[in-house]
Amino acid sequence: MRVVRAEYAGACYGVQRALDMAIEASEGGEGASTLGPLIHNPQVVADLAERGVHAVGGPEDVERGTVIIRSHGVTPAVRRSVEERGLPILDATCPHVARAQRAAADLARRCGRVVVVGEAGHPEVEGLVACAREAGGQVAVVAEPADLPDALEAPVGIVVQTTQTREALDAVTAALSARGIEPEVKNTICFATRQRQESAAALAGEVDALVVIGGRNSSNTTRLADICAAACPRTHHVESADEIDPAWFADCETVGVTAGASTPEDQIAAVVERLEAL
Ligand code: F3S
């Protein structure tokens, strides 16, 4: 059985950087904490806990040690709260997210009204909203044009959650234009998610079966599995190589492998090795 890996698969730049920073922090004596799980990957979170890096609910749960800010970033208030506790901060905010936060604040100062295209309640979106509000802006979070508030007047700035699609941004921009508002758009979309989705879809059309690796609680991995299943019904979502059942691959000549943006390289390598051994 031939094992083919998707061109883009696994940990994106921001997640890998956060993981490397957390492992480095674990080597420093006092232990470290992450504000929420570092990534949506139970194996990685358990491994970090063994190394002394624990996920906590908020700054108030930390007595000592370094506080690691996740790749999604945090609100300015959370950052201040860590500082007030006198705890050292290791900022693993993805540089793309940090750029979106700066864009949100900048738009708030210049336009006064900011539309955040994204998923309400997501930690990254909460950070963007807070940055815009602290800079004096009125903020609306919209996933689609129907979410736009009725009473919106120019000038309006738009900033985007990094994992959103270009289509979602364009739809919201077009809806504002149709109301006679030409928004100032800061396109802060990161292409890591799109690259993984497009290369998984291409692979799904070429193989007999497909394995998608990543946390079941990872929305980007679940989305990847849905995309693959649409083109390749023999798609299996696993969290680790141990879950692989040889019966899934009866009569298969080629099997594809892909992984979400929160899946580290060693988990992918273990799955590829197991498949090659079948
Ligand atoms: Fe950063 Fe893009 Fe990953 S924003 S955390 S590189 S999906």
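First listed ligand is number 1; within each ligand, the first listed atom is number 1. Predicted, not measured: the structure shown is a model, and the values here were computed from it. Numbers for residues simply follow the sequence, beginning at 1.
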**Request:** Would you indicate whether Asp245, at its atom CG, is surrounded by more than 12 heavy atoms from other residues, nucleotides or ligands within a distance under 6.0 Å?
**Result:** yes

**Asked** Hey, does Lys186 have a side-chain heavy atom less than 4.5 Å from the side chain of Arg99?
**Response** no

**Message:** Hydrogens and angles aside, do Asp47 and Gln43 bring a side-chain donor and acceptor to less than 3.5 Å of each other?
**Reply:** no

**Item:** Cys190 backbone or side-chain N/O/S under 2.8 Å from atom 2 (Fe) of ligand 1
**Value:** yes

**Asked** So with a 6.0 Å cut-off around CZ of Arg2, is the heavy-atom count from everything else above 12?
**Response** no

**Selected option - heavy-atom contact closest to atom 1 (Fe) of ligand 1, from Gly14, Cys94, Ser262, Gly73** = Cys94

**Message:** Let me check your reading of the structure: within less than 2.8 Å of atom 1 (Fe) of ligand 1, is there an N/O/S atom from Cys12?
**Reply:** no

**Asked** Should you measure from each heavy atom of Thr162, which atoms of ligand 1 turn up under 4.0 Å away?
**Response** 4 (S)

